[in-house]
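All chains are named by letter (A, B, ...) in the order of the sequence lines, taking the proteins before the strands, and each is independently numbered beginning at 1. Every value quoted in this text rests on a predicted model; they were computed, and no experiment measured them.
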Protein chains: 2
Amino acid sequence: METDVYAKNCPSRQVLDRIGDAWSVLIVSSLKDGSLRYTELAQRINGVSPKMLTQTLRGLERDGIVTRTVHAVVPPRVDYALTTLGRSLLSLCNALQDWAEMHIGDVLDAREAYDSRV
Amino acid sequence: METDVYAKNCPSRQVLDRIGDAWSVLIVSSLKDGSLRYTELAQRINGVSPKMLTQTLRGLERDGIVTRTVHAVVPPRVDYALTTLGRSLLSLCNALQDWAEMHIGDVLDAREAYDSRV
DNA sequence: CAGCATCCTGTTGGATACTG
DNA sequence: CAGTATCCAACAGGATGCTG
(Lines give C-alpha, C1' and ligand atoms only; values in the text may rest on other atoms or scores of the structure.)
Protein backbone atom coordinates (compact mmCIF):
# COMPACT_ATOMS: atom_id res chain seq x y z
CA MET A 1 0.00 0.00 0.00
CA GLU A 2 1.28 3.41 -0.85
CA THR A 3 0.01 4.85 2.37
CA ASP A 4 2.56 2.82 4.28
CA VAL A 5 5.10 5.45 3.36
CA TYR A 6 3.53 7.56 6.04
CA ALA A 7 3.18 4.86 8.66
CA LYS A 8 4.41 5.63 12.13
CA ASN A 9 7.36 3.31 12.09
CA CYS A 10 8.53 3.73 8.52
CA PRO A 11 12.23 4.51 8.04
CA SER A 12 11.86 8.15 7.17
CA ARG A 13 9.55 8.67 10.08
CA GLN A 14 12.17 7.55 12.54
CA VAL A 15 14.66 9.98 11.13
CA LEU A 16 11.98 12.63 11.04
CA ASP A 17 11.46 12.17 14.74
CA ARG A 18 15.09 12.89 15.40
CA ILE A 19 15.26 15.87 13.10
CA GLY A 20 11.97 17.02 14.48
CA ASP A 21 13.49 17.24 17.90
CA ALA A 22 14.48 20.86 18.35
CA TRP A 23 17.27 20.08 20.79
CA SER A 24 18.87 17.71 18.29
CA VAL A 25 18.90 20.35 15.61
CA LEU A 26 20.32 22.88 18.01
CA ILE A 27 23.06 20.55 19.17
CA VAL A 28 24.07 19.53 15.67
CA SER A 29 24.15 23.16 14.61
CA SER A 30 26.25 24.08 17.62
CA LEU A 31 28.85 21.51 16.70
CA LYS A 32 29.33 22.85 13.19
CA ASP A 33 32.74 24.38 13.88
CA GLY A 34 34.18 21.46 15.79
CA SER A 35 33.94 19.63 19.06
CA LEU A 36 32.55 21.15 22.23
CA ARG A 37 32.47 20.17 25.87
CA TYR A 38 29.30 19.42 27.76
CA THR A 39 29.26 22.78 29.49
CA GLU A 40 30.07 24.66 26.33
CA LEU A 41 27.04 23.10 24.69
CA ALA A 42 24.91 23.96 27.68
CA GLN A 43 26.00 27.60 27.42
CA ARG A 44 25.40 27.89 23.72
CA ILE A 45 22.01 26.30 23.74
CA ASN A 46 19.93 28.74 25.64
CA GLY A 47 17.42 27.17 27.96
CA VAL A 48 18.42 23.54 27.74
CA SER A 49 18.34 21.65 31.02
CA PRO A 50 21.14 19.23 31.94
CA LYS A 51 18.64 16.44 31.68
CA MET A 52 17.56 17.21 28.14
CA LEU A 53 21.10 17.93 27.04
CA THR A 54 22.37 14.59 28.25
CA GLN A 55 19.35 12.75 26.97
CA THR A 56 19.56 14.28 23.51
CA LEU A 57 23.30 13.78 23.30
CA ARG A 58 22.86 10.10 24.16
CA GLY A 59 20.28 9.76 21.43
CA LEU A 60 22.52 11.44 18.90
CA GLU A 61 25.41 9.24 19.96
CA ARG A 62 23.27 6.15 19.62
CA ASP A 63 22.20 7.21 16.15
CA GLY A 64 25.81 7.66 15.09
CA ILE A 65 25.51 11.41 14.69
CA VAL A 66 27.89 12.56 17.42
CA THR A 67 30.87 11.01 19.13
CA ARG A 68 31.39 11.24 22.85
CA THR A 69 34.99 11.33 24.01
CA VAL A 70 35.79 11.04 27.69
CA HIS A 71 39.20 12.31 28.75
CA ALA A 72 40.59 10.65 31.85
CA VAL A 73 41.53 13.84 33.60
CA VAL A 74 40.54 15.64 36.75
CA PRO A 75 38.25 17.45 36.53
CA PRO A 76 36.51 15.30 33.91
CA ARG A 77 36.37 16.50 30.35
CA VAL A 78 33.96 15.16 27.75
CA ASP A 79 34.04 16.31 24.16
CA TYR A 80 31.26 15.96 21.68
CA ALA A 81 31.80 16.13 17.93
CA LEU A 82 29.93 15.38 14.74
CA THR A 83 30.57 12.16 12.88
CA THR A 84 30.56 12.01 9.09
CA LEU A 85 26.89 11.15 9.30
CA GLY A 86 26.43 14.06 11.65
CA ARG A 87 28.04 16.46 9.23
CA SER A 88 25.74 15.28 6.50
CA LEU A 89 22.84 15.95 8.84
CA LEU A 90 24.31 19.37 9.51
CA SER A 91 23.78 20.40 5.90
CA LEU A 92 20.15 19.53 6.33
CA CYS A 93 19.91 21.52 9.54
CA ASN A 94 21.48 24.48 7.80
CA ALA A 95 18.91 24.18 5.05
CA LEU A 96 16.22 24.16 7.73
CA GLN A 97 17.52 27.27 9.37
CA ASP A 98 18.08 29.04 6.09
CA TRP A 99 14.50 28.38 5.13
CA ALA A 100 13.34 29.53 8.53
CA GLU A 101 15.20 32.81 8.35
CA MET A 102 14.16 33.41 4.78
CA HIS A 103 10.45 32.79 5.32
CA ILE A 104 9.80 33.67 8.92
CA GLY A 105 8.48 37.02 7.75
CA ASP A 106 5.91 35.42 5.48
CA VAL A 107 4.80 33.07 8.21
CA LEU A 108 4.44 35.86 10.74
CA ASP A 109 2.47 37.95 8.28
CA ALA A 110 0.20 35.03 7.51
CA ARG A 111 -0.44 34.46 11.19
CA GLU A 112 -1.29 38.06 11.80
CA ALA A 113 -3.68 38.07 8.84
CA TYR A 114 -5.28 34.84 10.01
CA ASP A 115 -5.69 36.00 13.59
CA SER A 116 -7.11 39.41 12.78
CA ARG A 117 -9.49 37.80 10.35
CA VAL A 118 -11.15 36.05 13.27
CA MET B 1 24.74 37.55 22.84
CA GLU B 2 25.36 34.92 20.25
CA THR B 3 23.51 32.34 22.26
CA ASP B 4 20.25 34.15 21.59
CA VAL B 5 20.19 32.47 18.23
CA TYR B 6 19.15 29.37 20.07
CA ALA B 7 16.63 30.98 22.38
CA LYS B 8 13.26 29.35 22.65
CA ASN B 9 11.32 32.05 20.90
CA CYS B 10 13.74 33.12 18.22
CA PRO B 11 12.32 33.30 14.69
CA SER B 12 13.95 30.17 13.32
CA ARG B 13 12.83 28.26 16.35
CA GLN B 14 9.20 28.96 15.64
CA VAL B 15 9.55 27.67 12.12
CA LEU B 16 11.53 24.74 13.45
CA ASP B 17 8.65 23.82 15.67
CA ARG B 18 6.35 23.60 12.68
CA ILE B 19 8.78 21.68 10.52
CA GLY B 20 9.59 19.54 13.50
CA ASP B 21 6.00 18.46 13.72
CA ALA B 22 5.81 15.13 11.94
CA TRP B 23 2.16 15.57 10.94
CA SER B 24 2.96 18.88 9.25
CA VAL B 25 5.71 17.32 7.18
CA LEU B 26 3.46 14.44 6.26
CA ILE B 27 0.60 16.72 5.24
CA VAL B 28 2.79 18.99 3.16
CA SER B 29 4.34 15.99 1.44
CA SER B 30 0.93 14.52 0.75
CA LEU B 31 -0.16 17.67 -1.02
CA LYS B 32 2.77 17.66 -3.41
CA ASP B 33 0.72 16.63 -6.44
CA GLY B 34 -2.19 18.97 -5.86
CA SER B 35 -5.14 19.55 -3.59
CA LEU B 36 -6.75 16.85 -1.50
CA ARG B 37 -9.93 16.56 0.49
CA TYR B 38 -10.00 16.05 4.22
CA THR B 39 -10.76 12.36 3.95
CA GLU B 40 -8.19 11.81 1.27
CA LEU B 41 -5.55 13.25 3.55
CA ALA B 42 -6.76 11.07 6.40
CA GLN B 43 -6.42 8.00 4.21
CA ARG B 44 -2.97 8.82 2.95
CA ILE B 45 -1.53 9.67 6.30
CA ASN B 46 -1.58 6.41 8.10
CA GLY B 47 -2.48 6.65 11.74
CA VAL B 48 -3.49 10.28 11.97
CA SER B 49 -6.56 10.93 14.10
CA PRO B 50 -9.25 13.39 12.97
CA LYS B 51 -8.26 15.58 15.86
CA MET B 52 -4.61 15.85 14.89
CA LEU B 53 -5.40 16.18 11.22
CA THR B 54 -7.72 19.10 11.80
CA GLN B 55 -5.44 20.69 14.33
CA THR B 56 -2.38 20.45 12.12
CA LEU B 57 -4.26 21.66 9.05
CA ARG B 58 -5.44 24.71 10.99
CA GLY B 59 -1.91 25.45 12.03
CA LEU B 60 -0.64 25.15 8.48
CA GLU B 61 -3.45 27.35 7.26
CA ARG B 62 -2.64 29.95 9.87
CA ASP B 63 1.01 29.90 8.88
CA GLY B 64 0.10 30.48 5.25
CA ILE B 65 1.30 27.08 4.13
CA VAL B 66 -1.97 25.56 2.98
CA THR B 67 -5.26 26.99 1.76
CA ARG B 68 -8.59 25.64 2.91
CA THR B 69 -11.39 25.85 0.39
CA VAL B 70 -14.94 25.05 1.44
CA HIS B 71 -17.36 24.16 -1.33
CA ALA B 72 -20.99 24.92 -0.57
CA VAL B 73 -22.32 21.57 -1.63
CA VAL B 74 -24.06 18.67 0.03
CA PRO B 75 -22.32 16.62 1.24
CA PRO B 76 -19.68 19.15 2.25
CA ARG B 77 -16.40 19.21 0.40
CA VAL B 78 -13.25 20.87 1.66
CA ASP B 79 -10.07 21.01 -0.35
CA TYR B 80 -6.62 21.63 0.98
CA ALA B 81 -3.76 22.78 -1.19
CA LEU B 82 -0.27 24.19 -0.82
CA THR B 83 0.33 27.91 -1.15
CA THR B 84 3.45 29.30 -2.78
CA LEU B 85 5.02 29.35 0.65
CA GLY B 86 3.87 25.79 1.14
CA ARG B 87 5.50 24.67 -2.04
CA SER B 88 8.75 26.21 -0.97
CA LEU B 89 8.44 24.30 2.29
CA LEU B 90 7.77 21.19 0.26
CA SER B 91 11.25 21.29 -1.22
CA LEU B 92 12.58 21.28 2.29
CA CYS B 93 10.38 18.36 3.28
CA ASN B 94 11.59 16.47 0.25
CA ALA B 95 15.16 17.13 1.29
CA LEU B 96 14.28 15.80 4.72
CA GLN B 97 12.81 12.62 3.36
CA ASP B 98 15.62 12.13 0.88
CA TRP B 99 18.12 12.38 3.67
CA ALA B 100 16.08 10.02 5.78
CA GLU B 101 15.89 7.37 3.09
CA MET B 102 19.51 7.76 2.19
CA HIS B 103 20.84 7.47 5.73
CA ILE B 104 18.33 5.39 7.62
CA GLY B 105 20.61 2.40 7.10
CA ASP B 106 23.53 4.12 8.76
CA VAL B 107 21.38 5.20 11.66
CA LEU B 108 19.96 1.75 12.20
CA ASP B 109 23.41 0.20 12.07
CA ALA B 110 24.71 2.73 14.55
CA ARG B 111 21.85 1.97 16.91
CA GLU B 112 22.44 -1.72 16.74
CA ALA B 113 26.14 -1.25 17.40
CA TYR B 114 25.42 1.07 20.31
CA ASP B 115 22.84 -1.21 21.89
CA SER B 116 24.89 -4.38 21.62
CA ARG B 117 27.95 -2.58 22.93
CA VAL B 118 26.64 -2.03 26.44
C1' DC C 1 32.99 18.95 35.51
C1' DA C 2 29.61 16.04 33.76
C1' DG C 3 26.42 13.94 34.70
C1' DC C 4 22.29 10.71 37.20
C1' DA C 5 18.01 9.92 40.10
C1' DT C 6 13.77 11.44 41.60
C1' DC C 7 9.75 13.98 41.81
C1' DC C 8 6.13 16.36 39.77
C1' DT C 9 3.41 19.08 36.54
C1' DG C 10 1.99 20.50 31.95
C1' DT C 11 1.11 19.14 27.46
C1' DT C 12 0.37 15.84 23.76
C1' DG C 13 -2.51 13.24 21.45
C1' DG C 14 -5.41 8.86 21.04
C1' DA C 15 -10.17 6.98 21.76
C1' DT C 16 -14.78 7.77 21.66
C1' DA C 17 -19.03 9.97 20.77
C1' DC C 18 -21.67 13.53 18.68
C1' DT C 19 -23.16 17.30 14.83
C1' DG C 20 -24.17 20.80 10.87
C1' DC D 1 -18.40 14.55 4.68
C1' DA D 2 -15.81 17.20 7.65
C1' DG D 3 -15.32 18.13 11.37
C1' DT D 4 -16.10 19.30 17.04
C1' DA D 5 -16.13 18.08 22.02
C1' DT D 6 -14.74 15.64 25.96
C1' DC D 7 -12.17 12.55 28.59
C1' DC D 8 -8.00 10.59 29.92
C1' DA D 9 -3.49 7.98 29.76
C1' DA D 10 1.14 8.60 28.51
C1' DC D 11 5.00 11.10 27.99
C1' DA D 12 7.94 15.16 27.93
C1' DG D 13 10.61 17.78 30.36
C1' DG D 14 11.74 21.34 34.26
C1' DA D 15 13.40 21.72 39.17
C1' DT D 16 16.05 20.01 42.66
C1' DG D 17 19.50 17.47 44.95
C1' DC D 18 23.31 14.24 44.84
C1' DT D 19 27.92 11.92 42.99
C1' DG D 20 32.41 9.96 40.85
Side-chain angles (χ1 to χ4, degrees), chain A residues 3 6-10 13-14 16-27 30-31 34-63 66-81 114 118, chain B residues 3 6-9 13-14 16-27 30-31 34-63 66-81 114 117-118:
Chain A
T3 56
Y6 300 121
K8 254 181 189 166
N9 43 7
C10 76
R13 189 60 181 278
Q14 294 191 50
L16 236 36
D17 282 346
R18 175 134 303 294
I19 299 175
D21 178 26
W23 296 130
S24 295
V25 175
L26 261 17
I27 289 177
S30 298
L31 291 173
S35 70
L36 288 176
R37 306 178 58 170
Y38 184 86
T39 327
E40 290 172 332
L41 279 169
Q43 283 163 0
R44 275 168 208 247
I45 303 174
N46 197 315
V48 70
S49 62
K51 177 182 173 179
M52 287 318 295
L53 185 54
T54 301
Q55 193 170 302
T56 309
L57 282 168
R58 288 291 181 280
L60 291 171
E61 189 193 358
R62 187 168 103 101
D63 286 358
V66 304
T67 55
R68 176 172 179 271
T69 312
V70 183
H71 302 276
V73 295
V74 177
R77 176 192 179 96
V78 180
D79 286 328
Y80 291 92
Y114 184 95
V118 177
Chain B
T3 56
Y6 301 121
K8 255 181 188 165
N9 43 7
R13 188 61 180 277
Q14 295 191 48
L16 238 34
D17 281 346
R18 175 134 303 293
I19 300 176
D21 178 26
W23 297 129
S24 296
V25 175
L26 262 16
I27 288 176
S30 299
L31 291 173
S35 70
L36 289 176
R37 306 178 60 169
Y38 184 85
T39 326
E40 290 172 331
L41 279 169
Q43 284 164 359
R44 274 165 210 251
I45 303 175
N46 197 315
V48 69
S49 62
K51 177 183 173 178
M52 286 318 294
L53 185 54
T54 301
Q55 194 171 301
T56 309
L57 282 169
R58 289 288 182 281
L60 291 170
E61 189 193 357
R62 187 169 102 101
D63 286 357
V66 304
T67 55
R68 177 172 180 270
T69 312
V70 183
H71 301 275
V73 294
V74 177
R77 176 192 180 95
V78 179
D79 286 327
Y80 292 92
Y114 185 94
R117 188 219 63 177
V118 176

Side chain to side chain contact (heavy atoms under 4.5 Å, CB included) evaluation trace for A:E61 with A:R58: CA-CA 5 Å; A:E61 189 193 358; A:R58 288 291 181 280; 4.0 Å; yes
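- A:N46 has its side chain out of reach of A:L26: every pair of non-hydrogen atoms, C-beta onward, lies at least 4.5 Å apart.
- Between the CG atom of B:D17 and the P atom of C:dT11 there is a distance of 14 Å, given to the nearest Å.
- With B:Y38 contributing its side chain and B:P50 its backbone, the two residues share a donor-acceptor pair below 3.5 Å.
- In this structure, B:D21 places its CG atom 14 Å from C1' of C:dT11, rounding to the nearest Å.
- Between the CG atom of A:N46 and the P atom of D:dG14 there is a distance of 12 Å, given to the nearest Å.
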Could you write out each protein N or O paired with an N or O of nucleotides 2-5 of chain D at a distance under 3.5 Å?
residue	atom	partner	partner atom	Å
D:dA2	OP1	B:R37	NE	2.9
D:dA2	OP1	B:R37	NH2	3.0
D:dA2	OP1	B:V78	N	3.3
D:dA2	OP2	B:T39	N	3.1
D:dA2	OP2	B:T39	OG1	2.1
D:dG3	OP1	B:R58	NH2	3.4
D:dG3	OP1	B:R68	NE	3.3
D:dG3	OP1	B:R68	NH2	2.7
D:dG3	OP2	B:Y80	OH	2.7
D:dT4	OP1	B:R58	NH2	3.3

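- A:M52 places its CE atom 14 Å from the C1' atom of D:dA15, with the value rounded to the nearest Å.
- Between the CG atom of B:L53 and the P atom of C:dG14 there is a distance of 11 Å, rounded to whole Å.
- Between B:Y80 and the options B:T69, B:L36, B:L57, a side-chain contact (heavy atoms from CB on, under 4.5 Å) holds for only B:L57.
- Residue pairs satisfying the salt bridge (charged side-chain N to carboxylate O under 4.0 Å, His left out) criterion with at least one member in residues 68-78 of chain B, sequence neighbours excluded, are listed as follows: B:R77-B:D79.
- Every residue two or more places apart in sequence or in another chain that forms a salt bridge (Lys or Arg N to Asp or Glu O under 4.0 Å) with A:R18 is listed here: A:D63.
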